[in-house]
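Read the structure below first, then the notes.
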Amino acid sequence: VQLQAYGGGLVQAGGYLRLSCASSGRTLSRYYVGWFRQAPGKEREAVAASSWTGTTSYYVDSVKDRFTISRDNAKSTVFLQMNSLKPEDTAIYFCAADERVRIGLPYDYNYWGHGTHVTVSS
């Protein structure tokens with residue numbers, strides 16, 4: 001599975017962005033998918049995750065009620081809708097996938113994509 005995240009950019013605080021994570025080679029319909037971010041000088045943080053069907057989602061507390069993970073399995077794409085963005089959301093955002101049955105916000109995914117930069121100005 002090869003993953004590529006895109007959709008990042010520069011946005012003002014309070015604005016929104018929609019990130020996409022596209023898979024090439026295999027459909028994501030049977031993969032647990034997560035979004036991560038890493039800000040300069042900080043460790044990678046799990047932000048959100050989605051079950052295979054998309055019916056169950058998990059979020060880190062700092063993004064609850066602002067970010068939404070969703071997926072279009074037919075298009076092998078997982079999205080991260082980010083609303084009410086804050087300067088502290090500035091980071092490189094990554095997506096990851098795993099064929100194992102997972103719950104919560106794990107960190108040990110088998111497949112990782114390249115990141116996309118998100119910058120939120122104050």
Side-chain angles (χ1 to χ4, degrees):
V1 175
Q2 293 182 324
L3 304 172
Q4 178 64 55
Y6 58 95
L10 172 64
V11 64
Q12 289 187 332
Y16 64 92
L17 283 173
R18 188 194 197 200
L19 305 184
S20 299
C21 174
S23 166
S24 61
R26 289 189 178 183
T27 176
L28 287 177
S29 61
R30 289 190 174 273
Y31 287 80
Y32 197 86
V33 178
W35 283 98
F36 292 76
R37 65 186 180 187
Q38 188 163 17
K42 294 188 177 181
E43 294 187 354
R44 186 171 295 187
E45 176 184 43
V47 174
S50 169
S51 63
W52 289 1
T53 60
T55 55
T56 305
S57 303
Y58 302 90
Y59 300 93
V60 67
D61 286 347
S62 59
V63 307
K64 282 181 180 177
D65 300 323
R66 297 190 299 122
F67 291 10
T68 303
I69 186 171
S70 62
R71 56 196 304 160
D72 184 341
N73 284 336
K75 296 182 178 180
S76 290
T77 304
V78 178
F79 306 99
L80 185 67
Q81 179 69 40
M82 306 187 296
N83 298 330
S84 303
L85 282 163
K86 304 176 180 180
E88 51 263 45
D89 294 319
T90 295
I92 300 173
Y93 283 72
F94 303 83
C95 58
D98 200 300
E99 62 270 63
R100 293 172 289 177
V101 176
R102 318 300 300 277
I103 59 171
L105 297 172
Y107 278 76
D108 58 335
Y109 285 78
N110 282 333
Y111 307 99
W112 292 85
H114 295 290
T116 184
H117 289 254
V118 172
T119 303
V120 184
S121 63
S122 58

Q) Do I103 and T56 touch side chain to side chain, with heavy atoms closer than 4.5 Å? A) no

**Q.** Validation row: Q81, Y16 side chains within 4.5 angstrom (heavy atoms)
**A.** yes

Q. Does any pair with a residue in residues 77-86 pass salt bridge (Lys or Arg N to Asp or Glu O under 4.0 Å), and if so which ones, sequence neighbours excluded?
A. none

Q) Within a reach of under 6.0 Å around OH of Y107, are more than 12 heavy atoms found that belong to other residues, nucleotides or ligands? A) yes

Q. Quick one: salt bridge (Lys or Arg N to Asp or Glu O under 4.0 Å) pairs with a partner in residues 53-64, sequence neighbours left out?
A. D61-K64

Q | Min side-chain heavy-atom separation L85-F67 under 4.5 Å | A | yes

Q: Could you walk me through whether L28 and V1 pass side chain to side chain contact (heavy atoms under 4.5 Å, CB included), step by step?
A: CA-CA 8 Å; L28 287 177; V1 175; 4.2 Å; yes

Q) Taking only residues at least two apart or on different chains, which pairs with a member in residues 81-122 satisfy disulfide bond (SG atoms under 2.5 Å apart)? A) C21-C95

Q.
Among residues at least two apart in sequence or on other chains, which ones pass side chain to side chain contact (heavy atoms under 4.5 Å, CB included) with S50?
A. I69, R71

Q. What closest approach, in Å, do P106 and A46 show between heavy atoms, and which atom pair accounts for it?
A. O-CB, 4.4 Å

Q) Where do T77 and S20 come nearest, in terms of heavy atoms and distance? A) CG2-CB, 4.1 Å

Residues 34-41 side chain polar contacts: donor-acceptor under 3.5 Å, at least two apart:
unit_1	atom_1	unit_2	atom_2	d
R37	NE	E45	OE1	2.8
R37	NH1	D89	OD1	2.9
R37	NH1	Y93	OH	3.0
R37	NH2	E45	OE1	3.3
R37	NH2	S62	OG	3.4
Q38	NE2	K42	O	3.1

**Q.** Residue pairs, two or more places apart or on separate chains, that pass salt bridge (Lys or Arg N to Asp or Glu O under 4.0 Å) and touch residues 1-21
**A.** none

**Q.** For Y6, ring pair (Phe, Tyr, Trp, His ring centres under 6.0 Å) partners two or more places apart
**A.** none

Q: Could you pull out all residues at least two apart from D65 that satisfy salt bridge (charged side-chain N to carboxylate O under 4.0 Å, His left out)?
A: none

Q) Got a second to check how far W52's CH2 is from Y32's OH, nearest 0.5 Å? A) 12.0 Å

Q: Sequence neighbours left out, what passes side chain to side chain contact (heavy atoms under 4.5 Å, CB included) with T55? Give chain and number order.
A: S51, T53

Q: Grab the two heavy atoms, one from A48 and one from L80, that are nearest each other, plus how far apart they are.
A: CB-CD1, 4.1 Å

Q. Does NZ or CZ of R26 lie under 6.0 Å from the centre of the six-membered ring of Y31, at an angle within 45° of the ring axis?
A. no

Q: Following the transitive rule for hydrophobic clusters with a side-chain heavy-atom cut-off under 4.5 Å over Ile, Leu, Val, Met, Phe, Trp and Tyr, establish whether F79 and F94 coincide in one cluster.
A: no

Q. Quick one: does D98's side chain have a donor or acceptor within less than 3.5 Å of a partner on N110's backbone?
A. yes

Q.
Quick check on Q4: does its CD atom have over 12 non-hydrogen neighbours (other residues, nucleotides or ligands) under 6.0 Å away?
A. yes

Q: Sorted by first residue and then second, give each disulfide bond (SG atoms under 2.5 Å apart) pair with at least one member in residues 23-58; sequence neighbours left out.
A: none

Listed pairs under 3.5 Å, donor-acceptor, residues 111-122 side chains, sequence neighbours left out:
unit_1	atom_1	unit_2	atom_2	d
Y111	OH	E99	OE2	3.3
W112	NE1	Y109	O	3.1
T116	OG1	G8	N	3.0

Q: Sequence neighbours left out, what passes salt bridge (charged side-chain N to carboxylate O under 4.0 Å, His left out) with K75? Give chain and number order.
A: none

